[in-house]
Structures are given as C-alpha cells and as structure tokens.
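Beneath this line is the structure, given in structure tokens, with notes to follow.
Side chains are part of it too, since the values below use all heavy atoms of this structure and drop only hydrogens, waters and symmetry mates.
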Amino acid sequence: MPIRRLTPEDAPAYREVRLRALREHPDAFTSDWADANARPLEDSRQRLASAFVPFWGAFDEHGALVGMVGLECAARAKQKHKGTVVAMYVAREAAGRGLGRELLRALVLHAPTLGLTDLVLTVTEGNASAIRLYQEAGFVSFGAEPRAILVDGHLHGKVHMHLTLT
C-alpha cells in the first residue's frame, strides 16, 4: 500500500480518518472527538498545508486513506532540534500489514531534512501493540505521566518515548 505525504487536497479524507480514530480510540489521543468534529474542514486543509506539521498517509488498493501519522516541529529556539510524533492511526481493516511501521519509517526518514535530531511521542499506558511498534522503530521509554488524560471519567497514564536520529 502506498505511503505518501498528505496535502491540503487530502483534507476531506484526513478529517474523516482523524474523526474515526478519535471516536474509536478516545483514550489513545489527547485530542477530543467533539472538539475535532466542531472544527471546519478548512482547519484540516490548513494543518496539511503547514510545513511545521507534515503528515503522511497510507492508502489502500482503492485509494482510500487507511492510516496516518504526523510530525509536529518545535517552534522554540532551544527545542528546534526536536519533533513530536502525533496522530498515529491505522484503520482496523488495514491492520497487520505493516502500515504503522511504514508510516513511522517515512516520518523518521523525513525528520532530519527538517533539521531534527530527536523525536518524542506519548502512548497510552496499556497499548502494548503501539508501544511494541515504537520500540521496534528504536524509540525508548523514559518515563510515564500518571493520570495524563481523562476520558469518559477514567484517567489514563501516558508513556513518554524518545528516539535519537543522529
């Protein structure tokens, strides 16, 4: 399945997949479905147009977007060496095909072209498959934040992970 950088023209598919991810896995993301759903499509177009938050998508054999991952670049001068992996999601029907690994690979290969030397991310405690995926890509856990997010009255911790690129 092809992996490519998403563009503003992908905004409708990106928004649909993002809302699906937030709806199906509310404890996996710090963003909220209701907030994201209330935002106009133009917000998605602007996000995908940003040079500071590139996104990659995985597409199925019919050209439908079935997975995505983003890279938020730090804006502060003392943190410009660091990027944050965000919004990693692969649809259930496309799982088990290595798309998560390929999406991450595309992001990691691109990061140094932006001057990044380090990547960080958070993953919800207990999400063993995501933690394993990140570990296989070379990310190392450096701690956990207890009670990091509150979803439907339940608190969830977030594992912090780091990857040195150089």
Inset, instruction - State whether a side-chain donor-acceptor pair under 3.5 Å links Arg18 with Ser31. - result: yes
Legend entry - Minimum heavy-atom distance Val120-Lys82, with the two atoms named: CG1-CD, 4.0 Å
Inset, instruction - With rounding to the nearest 0.5 Å, note down the distance linking CE in Met88 to CH2 in Trp56. - result: 11.0 Å
Legend entry - Residues that Arg20 engages under side chain to side chain contact (heavy atoms under 4.5 Å, CB included), provided they are two or more places apart: Arg23, Glu24, Tyr89, Ala91, Arg92, Glu93
Inset, instruction - Starting at CG of Leu22, measure out to CG of Asp35 and round the result to the nearest 0.5 Å. - result: 9.5 Å
Inset, instruction - Apply side-chain contact (heavy atoms from CB on, under 4.5 Å) to Val66 and Leu99, showing your working. - result: CA-CA 9 Å; Val66 294; Leu99 294 179; 3.9 Å; yes
Legend entry - Over 12 foreign heavy atoms within 6.0 Å of CZ, Arg5: yes
Inset, instruction - Starting at CG of Leu71, measure out to CG of Leu107 and round the result to the nearest 0.5 Å. - result: 4.5 Å
Inset, instruction - State the OG-CD1 distance between Ser141 and Ile131, to the nearest 0.5 angstrom. - result: 7.5 Å
Inset, instruction - Kindly indicate whether the side chain of Glu136, heavy atoms from C-beta on, has any atom under 4.5 Å from the side chain of Arg132. - result: yes
Inset, instruction - Identify the two heavy atoms, one from His110 and one from Pro54, that lie closest to each other, and give their separation to 0.1 Å. - result: CD2-CG, 4.3 Å
Inset, instruction - Evaluate side-chain contact (heavy atoms from CB on, under 4.5 Å) for Cys73 paired with Val53, printing each intermediate quantity in order. - result: CA-CA 6 Å; Cys73 299; Val53 189; over 6 Å; no
Inset, instruction - Check the hydrophobic clustering (I, L, V, M, F, W, Y; side-chain heavy atoms under 4.5 Å; chains of links allowed) and say if Leu41 and Leu19 are grouped together. - result: no
Legend entry - Test item: side-chain donor near acceptor, Arg45 and Tyr14, under 3.5 Å: no
Inset, instruction - Might you work through the side-chain contact (heavy atoms from CB on, under 4.5 Å) test for Asn37 and Arg15, ending with a clear yes or no? - result: CA-CA 9 Å; Asn37 190 49; Arg15 184 175 191 276; 3.8 Å; yes
Inset, instruction - Answer yes or no: is there an ion pair linking Glu42 with Arg47, defined by an N-O contact shorter than 4.0 Å? - result: no
Legend entry - Contacts of Glu125 that satisfy side chain to side chain donor-acceptor pair (under 3.5 Å) - sequence neighbours left out: none
Legend entry - Taking every non-hydrogen atom, the tightest pair across Leu103 and Gly57: CD2-C, 3.7 Å
Legend entry - Closest non-hydrogen atom pair between Ile149 and Phe29, with its separation: CD1-O, 4.0 Å
Legend entry - Which atom of Ile3 lies closest to which atom of Ala106, heavy atoms considered: CG2-CB, 4.0 Å
Inset, instruction - With the side chain counted from C-beta on, respond yes when Val69 and Val85 share a heavy-atom pair under 4.5 Å apart, and no when they do not. - result: yes
Inset, instruction - Flag yes if Val123 and Val140 sit in one hydrophobic cluster, no otherwise; membership is Ile, Leu, Val, Met, Phe, Trp, Tyr, and two members link when side-chain heavy atoms are under 4.5 Å apart. - result: no
Inset, instruction - Determine, step by step, whether Arg4 and Asp10 satisfy the side-chain contact (heavy atoms from CB on, under 4.5 Å) criterion, reporting the C-alpha distance in whole Å, the side-chain angles of both residues, the deciding distance to 0.1 Å, and the verdict. - result: CA-CA 11 Å; Arg4 68 167 172 81; Asp10 295 307; 2.8 Å; yes
Legend entry - Asp60 side-chain N/O to Gly63 backbone N/O, donor-acceptor pair under 3.5 Å: yes
Show which side-chain atoms of residues 153-165 pair as donor or acceptor with protein atoms under 3.5 Å away, not counting sequence neighbours.
{"from": "His154", "atom 1": "ND1", "to": "Asp152", "atom 2": "O", "distance (Å)": "3.1"}
{"from": "Lys158", "atom 1": "NZ", "to": "Ala28", "atom 2": "O", "distance (Å)": "3.3"}
{"from": "Lys158", "atom 1": "NZ", "to": "Thr124", "atom 2": "OG1", "distance (Å)": "2.9"}
{"from": "His162", "atom 1": "NE2", "to": "Asp118", "atom 2": "OD2", "distance (Å)": "2.6"}

Inset, instruction - Would you indicate whether the side-chain heavy atoms of Lys80 and Leu114 approach each other to under 4.5 Å? - result: no
Inset, instruction - Kindly compute the distance separating CG (Leu6) from CZ (Phe55), expressed to the nearest 0.5 Å. - result: 8.0 Å
Inset, instruction - Mark yes or no for whether Arg101, through its side chain, and Tyr134, through its backbone, hold a donor-acceptor pair below 3.5 Å. - result: no
Legend entry - Pairwise distance CG(Leu121) to OG1(Thr84) - rounded to 0.5 angstrom: 8.5 Å
Legend entry - Same cluster (ILVMFWY, side-chain, under 4.5 Å), Leu65 and Val86: yes
Inset, instruction - Kindly give the heavy-atom pair with the smallest separation between Val108 and Pro112, and that separation in Å. - result: O-CD, 3.1 Å
